[in-house]
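When reading the values below, keep in mind they use all heavy atoms of this one structure, side chains included, and skip hydrogens, waters and symmetry mates.
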Amino acid sequence: MNLLTGARERIATLEAAAADALAPAVELRLDGWRLRFDRAPARRVRSVLPEARGTRPVAEKLRRVEAFYAERGAAARVQLSPVALPTGLDAALDERGWVREEGALVLARDLTDLGDLDGAAPEGATGAPDREADGEAVRIGDAGAEAALFAVVEEVAPDAAAWTRARTEALRNLKRAARAVALVRDGTPVAAGLCVHEPAARAVGLFQAAVVPAYRGCGASGRLLRAMLRDGRALGARTAYLQVGADNDRALRSYRSARFTEHHRYHYRRAPDAPTDGRAPRA
């Protein structure tokens, strides 16, 4: 295996893990492509992931794609990473007039050495406490952590609240290793996120990490990130990954200070004349 082949396999592995972690309401497999749809603000959950070459002509599959999203009143989109298949798909879509839209950076870091993180790692048991600030506790994987996640999302991104609840329930039904991680201060949710583990890839995705406005600027985001990384390692992951907008300078500084580096990027192509349906969140 040469270095290029190894890099492509690593990208494909994380793209598949992230797709599995979405748990959309509808997912149709079409000759190596995943057609995904949900009533959610994130474009990833309303787009096609072309992860295998397949045997059918691209033009035929694109017709099916446009019909799939038209039936659901949504714009047809394709999410394109460096491993999108068949090779040359991005150029083919460009020739057909599909509009390019910005996507996100995928960042990753090694979890085998967490020596850069302050404090002792939690044991990884459900609800294990890990106090890091006066009156503040970390909750992991229990009903309290999940309730805190829902409360934080409701306050920070209310348009994603219903999807967050549905996604969490879907991941549970699929028996995925998904756990809410939350900071709670004197009974009040301060920050929360969702860790989704992919055992085969030994990777954990960090999703929907957010801090309520009243607690921003006091280090809560860093404490939440450390707790999520520790939990990922407790789940057996060797790699942590996340998605972030390329223009989100504040988040990028925080993640890079936590030793995340760019793994790869993805963007979208939107079908010609399809509605833009607003500026959807990228993560």
Side-chain angles (χ1 to χ4, degrees), residues 11-12 14-104 106 153 157-171 173-174 176 205 207-208 243 245-247 264-283:
I11 292 172
L14 288 195
E15 284 291 292
D20 290 341
L22 283 174
V26 180
E27 183 175 274
L28 173 68
R29 301 296 179 113
L30 173 64
D31 193 40
W33 292 5
R34 298 194 202 195
L35 282 58
R36 307 168 293 188
F37 179 76
D38 210 323
R39 299 294 179 184
R43 286 174 293 177
R44 286 182 295 116
V45 81
R46 297 195 314 273
S47 62
V48 177
L49 183 68
E51 57 187 353
R53 181 180 302 278
T55 59
R56 299 182 186 178
V58 167
E60 176 189 329
K61 291 201 283 190
L62 290 177
R63 287 193 295 271
R64 292 279 302 276
V65 165
E66 293 186 271
F68 175 87
Y69 288 102
E71 289 171 2
R72 292 160 177 80
R77 283 187 177 85
V78 179
Q79 180 185 336
L80 294 151
S81 75
V83 295
L85 291 172
T87 302
L89 178 59
D90 191 29
L93 291 172
D94 187 34
E95 291 175 0
R96 287 172 167 81
W98 285 57
V99 181
R100 182 186 172 103
E101 295 180 332
E102 288 304 312
V106 178
V153 172
D159 59 341
W163 174 57
T164 301
R165 291 177 180 273
R167 176 191 193 182
T168 304
E169 183 64 24
L171 288 168
N173 291 338
L174 291 168
R176 307 284 298 177
F207 298 98
Q208 296 183 267
Q243 294 111 334
D247 59 352
H264 64 279
R265 301 183 180 213
Y266 64 81
H267 63 276
Y268 297 95
R269 290 281 181 182
R270 190 183 74 247
D273 303 321
T276 61
D277 59 23
R279 182 178 173 84
R282 296 171 183 160

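Judged as a side chain to side chain contact (heavy atoms under 4.5 Å, CB included), and not counting sequence neighbours, the contacts of T55 are D31. Contacts of R96 classified as side chain to side chain donor-acceptor pair (under 3.5 Å), with partners at least two apart in sequence or in another chain: none. Under the rule for a side chain to side chain donor-acceptor pair (under 3.5 Å), the partners of R100 that lie at least two apart in sequence or sit in another chain are H267. For R269, the side chain to side chain donor-acceptor pair (under 3.5 Å) partners are D90, D94, not counting sequence neighbours. For A12, the side chain to side chain contact (heavy atoms under 4.5 Å, CB included) partners are V83, not counting sequence neighbours.
Note that CG of L49 is 10.5 Å distant from OH of Y266, once rounded to the nearest 0.5 Å. Remark: L62 CG to R56 CZ distance equals 13.0 Å, nearest 0.5 Å. Rounded to the nearest 0.5 angstrom, L171 CG and F207 CZ are separated by 9.0 Å. Between the CZ atom of R165 and the CD atom of E169 there is a distance of 11.0 Å, given to the nearest 0.5 Å. Taking CZ of F37 as the reference point, atom CZ of F68 lies at 7.5 Å (rounded to 0.5 Å). R39 contributes atom CZ, which lies 14.0 Å from atom CG of D159 (distance to the nearest 0.5 angstrom).
Side chain of D38 to main chain of V45: no donor-acceptor pair is present (N/O by atom type, distance under 3.5 Å, no hydrogens or angles).
Residues W98 and R77 form no side-chain contact, since every pair of their non-hydrogen atoms from C-beta on lies 4.5 Å or further apart. Side-chain contact between Y69 and V48: present, with at least one pair of heavy atoms (C-beta onward) separated by less than 4.5 Å. Counting heavy atoms from C-beta outward, L89 and V58 have side chains that approach closer than 4.5 Å. The shortest distance between side-chain heavy atoms of V78 and S47 does not fall below 4.5 Å. Considering only heavy atoms from C-beta on, I11 comes within 4.5 Å of P82 through its side chain.
The stretch residues 14-23 participates, sequence neighbours left out, in these side chain to side chain donor-acceptor pair (under 3.5 Å) pairs: E15-Q79, E15-H264, D20-R34.
A salt bridge between E102 and R43 is absent, with no side-chain N of the basic residue lying under 4.0 Å from a carboxylate O of the acidic one. R36 has no carboxylate O lying under 4.0 Å from a charged side-chain N of E27, or vice versa, which leaves the two without a salt bridge.
Shown here for A76 and V65, the closest heavy-atom pair between the two residues is CB-CG1, 4.1 Å. The nearest pair of heavy atoms linking G97 to P272 is O-CG, 3.4 Å. Considering all non-hydrogen atoms of both residues, L35 and R64 come closest at CD2-O, 4.4 Å.
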Working for side-chain contact (heavy atoms from CB on, under 4.5 Å), residues K61 and W33: CA-CA 9 Å; K61 291 201 283 190; W33 292 5; 3.4 Å; yes

T164 and Q208: CA distance, side-chain angles, deciding distance, side-chain contact (heavy atoms from CB on, under 4.5 Å) verdict: CA-CA 9 Å; T164 301; Q208 296 183 267; 2.6 Å; yes

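Enclosure of atom CG in N173 by more than 12 non-hydrogen atoms of other residues, nucleotides or ligands within 6.0 angstrom is indicated.
For the pair R270 and Y268, the cation does not sit on the ring face, since its NZ or CZ is not both under 6.0 Å from the ring centre and inside 45° of the axis.
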